[in-house]
Amino acid sequence: MTLKTSMLAQLKTCHRENAWYVATLNAIDELTEEQAMWKPQEADYSICELTNHIIYYSDRYLKRFKGTEDDEIHKDNTFKGSEGMSWYDTVERLTVITSEWVKVVGEADEQKLFDWAVDIAHLTTHTAYHTGQMVVLRKWQHAWHDKNGVKYNP
């Protein structure tokens, strides 16, 4: 297995293809805007906020990888999305960024991938961690179905 093959597998598993854990796009599949905004307590994060947090870091590191990051980009709250973005827009933005990651890693040379191996591993681990939080939030809302379509009901 090459480094590129390994990184592509990490990115795809993290974002689209369930493996040992649920992929992010599967964790948020079929959520309504109301479900995405729900929080058990005011101090906790919603699925939408967790998604925005993943978008923020995925986009920021993607721009670094491509060499297009603006050094002036700083955000006080990485869990807050862009003003006026609907839940549908948020999911679409995540889909675009994750697809771009797969594309640029697929096109990158081995040296660049070697230089980025640790950062990409951390990025995908970070995403998987927050995706697990999303699944828990869905279960608390009774809005989670396992891969066989069985609704979670504690």
Side-chain angles (χ1 to χ4, degrees), residues 1 3-66 69 73-106 113 116-154:
M1 176 180 283
L3 183 58
K4 183 179 287 193
T5 305
S6 177
M7 286 182 170
L8 288 171
Q10 280 181 322
L11 289 165
K12 290 175 183 176
T13 299
C14 192
H15 295 294
R16 292 189 178 275
E17 301 169 7
N18 293 349
W20 286 27
Y21 51 88
V22 177
T24 306
L25 293 176
N26 293 329
I28 61 177
D29 188 42
E30 298 182 12
L31 276 179
T32 66
E33 189 148 358
E34 181 182 356
Q35 289 168 323
M37 301 299 183
W38 179 84
K39 314 182 199 193
Q41 298 173 18
E42 194 56 40
D44 295 324
Y45 294 113
S46 69
I47 292 172
C48 186
E49 289 169 324
L50 292 167
T51 304
N52 285 322
H53 182 70
I54 291 169
I55 287 170
Y56 176 80
Y57 282 103
S58 294
D59 188 48
R60 185 154 190 184
Y61 276 79
L62 177 62
K63 288 176 180 170
R64 286 181 186 171
F65 187 85
K66 293 167 64 174
E69 184 184 37
I73 297 175
H74 295 287
K75 196 166 188 178
D76 294 331
N77 184 350
T78 65
F79 293 88
K80 186 176 179 187
S82 299
E83 285 294 319
M85 270 182 83
S86 69
W87 172 240
Y88 174 81
D89 294 335
T90 301
V91 172
E92 182 62 26
R93 179 78 179 124
L94 178 64
T95 302
V96 167
I97 292 168
T98 59
S99 297
E100 183 69 11
W101 260 115
V102 171
K103 178 180 179 253
V104 298
V105 167
L113 297 179
W116 274 83
V118 172
D119 286 320
I120 291 174
H122 289 162
L123 183 67
T124 55
T125 302
H126 173 257
T127 298
Y129 170 78
H130 289 302
T131 300
Q133 291 176 306
M134 293 175 191
V135 171
V136 169
L137 287 168
R138 285 192 73 165
K139 287 180 177 183
W140 285 349
Q141 294 181 71
H142 304 285
W144 179 250
H145 295 68
D146 73 10
K147 67 181 178 178
N148 299 315
V150 178
K151 188 171 183 179
Y152 176 80
N153 219 346

Note, L137 side chain near L50 side chain (heavy atom, < 4.5 Å):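 Sidechains of L50 and L137: in contact.
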
Side-chain heavy-atom pair T90, W87 within 4.5 angstrom cut-off: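 They are in contact (side-chain heavy atoms under 4.5 Å apart), so the answer is yes.
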
Can you measure from [atom1] ([X]) to [atom2] ([Y]) and round to the nearest 0.5 angstrom?
X: I47; Y: K39; atom1: CD1; atom2: NZ; value: 12.0 Å
X: Y45; Y: N52; atom1: OH; atom2: CG; value: 12.0 Å
X: L8; Y: L113; atom1: CG; atom2: CG; value: 8.0 Å
X: M134; Y: S46; atom1: CE; atom2: OG; value: 9.0 Å
X: I28; Y: I54; atom1: CD1; atom2: CD1; value: 8.0 Å
X: I120; Y: Q10; atom1: CD1; atom2: CD; value: 8.0 Å

For the student: nearest non-hydrogen atoms of [X] and [Y], plus distance:
X: V22; Y: A27; answer: CG1-N, 3.7 Å
X: G106; Y: K4; answer: O-NZ, 2.9 Å
X: L31; Y: R138; answer: CD2-NE, 3.5 Å
X: M7; Y: A117; answer: CE-CA, 3.1 Å

Validation row, ring centre W101 to ring centre F65 under 6.0 Å: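 Yes.
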
Positive for side-chain contact (heavy atoms from CB on, under 4.5 Å) with L11, one of V104, T127, T98, V102: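 Only one option passes, and that is V102.
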
Those residues that, when tested against E100, pass salt bridge (Lys or Arg N to Asp or Glu O under 4.0 Å) (two or more places apart):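 Listed in chain order: K66.
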
Heavy-atom donor-acceptor pair, D29 side chain to L25 backbone, under 3.5 Å: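 The answer is no, because no donor-acceptor pair under 3.5 Å joins these two groups.
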
Polar side-chain atom of T24 near backbone of C14 as donor-acceptor pair, under 3.5 Å: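 A pair under 3.5 Å: yes.
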
Test item: side-chain donor near acceptor, H122 and H126, under 3.5 Å: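 No - no donor-acceptor pair under 3.5 Å links their side chains.
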
Over-ring placement of R60 relative to Y57, 6.0 Å and 45° cut-offs: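 No, R60 does not sit over the ring of Y57.
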
Lys/Arg-Asp/Glu bridge criterion (N-O < 4.0 Å) met for D89, R93: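 No salt bridge links D89 with R93.
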
